[in-house]
Amino acid sequence: MRPDWDEYFMEMARVASKRSTCLRRQVGAILVKDNRLLATGYNGAPKGAAHCEIVGCLRKQLKIPSGERHELCRGLHAEQNAIIQAAIYGVSISGATLYCNTKPCGICAKMIVNAEIARIVYAEEYTDQMAEEFLRSADIRLVKFSTE
């Protein structure tokens, strides 16, 4: 059966997540506007830096719980990398939809608001009250994707 647009782009986000080098969570993100793919991203270390799968995970070593102390992670989030990719290539993402296999954190939410992304479709929950507040105050639509 032919997938609808949300199914199609969520599958792309899932495939992008396979490129992740994070040892704790594999996340993929896709930016889309008018049903056209604009940019992709996955979580991992910056260009030229050693990946966590090689040097290990500092957050894991320090037993830092998920959702805390993001500044101690050597990687960028998938959403951040998708936004950065669009910027590098001069692609406007204002009004776009972000497809991500995980709901954005507070840091990503702030970037999403300033990038003027209009809608987020996500599969897995990620509890971050600050992210919820930023996205709600900016009237960004959050859509929980379901395969059912």
Side-chain angles (χ1 to χ4, degrees), residues 6-33 37-148:
D6 283 351
E7 291 170 327
Y8 179 68
F9 291 120
M10 281 302 292
E11 181 65 16
M12 285 187 178
R14 188 188 66 74
V15 171
S17 76
K18 292 180 177 187
R19 292 278 306 153
S20 171
T21 58
C22 179
L23 300 174
R24 293 175 71 158
R25 183 187 305 259
Q26 287 67 51
V27 181
I30 306 293
L31 286 165
V32 174
K33 191 172 183 179
L37 178 65
L38 302 176
T40 66
Y42 53 88
N43 56 331
K47 259 190 234 182
H51 291 283
C52 299
E53 62 188 10
I54 296 168
V55 298
C57 176
L58 178 61
R59 292 171 52 81
K60 188 175 183 178
Q61 292 165 10
L62 296 175
K63 297 180 174 58
I64 297 171
S66 177
E68 297 179 16
R69 305 290 315 270
H70 291 281
E71 75 277 7
L72 294 178
C73 179
R74 64 186 292 108
L76 286 99
H77 291 184
E79 303 94 322
Q80 294 167 340
N81 275 324
I83 291 168
I84 291 166
Q85 185 184 76
I88 288 170
Y89 291 103
V91 176
S92 173
I93 56 174
S94 178
T97 295
L98 172 77
Y99 290 88
C100 194
N101 58 311
T102 303
K103 194 175 189 180
C105 72
I107 295 169
C108 291
K110 290 184 274 187
M111 292 179 70
I112 288 164
V113 169
N114 279 3
E116 300 179 353
I117 292 168
R119 179 174 173 254
I120 300 168
V121 180
Y122 67 95
E124 296 173 24
E125 290 292 340
Y126 183 82
T127 304
D128 187 323
Q129 190 59 41
M130 185 179 286
E132 294 276 343
E133 291 170 16
F134 284 130
L135 297 171
R136 192 176 317 118
S137 69
D139 290 325
I140 295 173
R141 266 185 62 213
L142 280 166
V143 178
K144 174 86 162 97
F145 180 76
S146 175
T147 55
E148 298 168 3

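Only heavy atoms go into these numbers, but all of them, side chains included; no hydrogens, no water, no symmetry mates.
Inter-residue side-chain proximity for Leu58 and Arg74 is flagged as unmet; no heavy-atom pair is nearer than 4.5 Å. Side-chain contact between Ile88 and Gln85 is absent, with no heavy-atom pair separated by less than 4.5 Å. Within the 4.5 Å cutoff, the side chain of Asp6 has no heavy atoms near those of the Thr97 side chain.
To the nearest 0.5 Å, atoms SG (Cys108) and CD1 (Ile83) are separated by 7.0 Å. Annotation: the span from Leu37 atom CG to Tyr8 atom OH amounts to 8.0 Å, rounded to 0.5 Å. Interatomic distance, Ile140 CD1 to Phe134 CZ, rounded to the nearest 0.5 Å: 11.0 Å. For the atom pair NZ of Lys110 and CE of Met130, the computed distance is 6.0 Å after rounding to the nearest 0.5 Å. In this structure, CZ in Arg59 is found 10.0 Å from SG in Cys52, a value given to the nearest 0.5 Å.
Taking all atoms of both residues into account, the shortest heavy-atom contact from Leu142 to Leu135 is CD2-CD1, 4.0 Å. Scanning all heavy atoms of the two residues, the minimum distance from His51 to Thr21 falls at ND1-OG1, 2.8 Å. Among all heavy-atom pairs drawn from Val32 and Leu38, the shortest one is C-CD1, 4.1 Å. Closest approach of Gln26 and Ser17 over heavy atoms only: CB-O, 3.6 Å. Pairing each heavy atom of Leu76 with each of Pro46, the nearest pair is CD1-CG, 3.7 Å. Closest heavy-atom contact between Leu98 and Ile112: CD2-CD1, 3.6 Å.
Crowding of Arg141 atom CZ: a count of heavy atoms from other residues, nucleotides or ligands under 6.0 Å not exceeding 12. Within a 6.0 Å radius of CZ in Arg19, other residues, nucleotides and ligands contribute 12 heavy atoms or fewer. Applying the 6.0 Å contact sphere to NZ of Lys144 captures more than 12 heavy atoms from other residues, nucleotides or ligands.
Between the Lys33 side chain and the Ile93 main chain, no donor and acceptor come within less than 3.5 Å of each other. Asn43 places no side-chain N or O within donor-acceptor distance of the main-chain N or O of Ser20, the cut-off being under 3.5 Å. In this structure, Asn101 contributes its side chain and Ala123 its backbone to no donor-acceptor pair below 3.5 Å.
A salt bridge links Glu11 with Arg14: the closest approach of a Lys/Arg side-chain nitrogen to an acidic carboxylate oxygen falls below 4.0 angstrom.
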- Apply side-chain contact (heavy atoms from CB on, under 4.5 Å) to the pair Glu79 and Met111, showing each step before the final yes or no. CA-CA 9 Å; Glu79 303 94 322; Met111 292 179 70; over 6 Å; no
- Test log, rule side-chain contact (heavy atoms from CB on, under 4.5 Å), inputs His77 and Ile107: CA-CA 9 Å; His77 291 184; Ile107 295 169; 5.7 Å; no
- Task: Apply the test side-chain contact (heavy atoms from CB on, under 4.5 Å) to residues Met10 and Val121: give CA-CA distance (whole Å), side-chain angles for both, the deciding distance (0.1 Å), then the verdict.
- Result: CA-CA 8 Å; Met10 281 302 292; Val121 180; 3.9 Å; yes
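Between Tyr126 and the options Pro104, Cys100, Cys105, a side-chain contact (heavy atoms from CB on, under 4.5 Å) holds for only Cys105.
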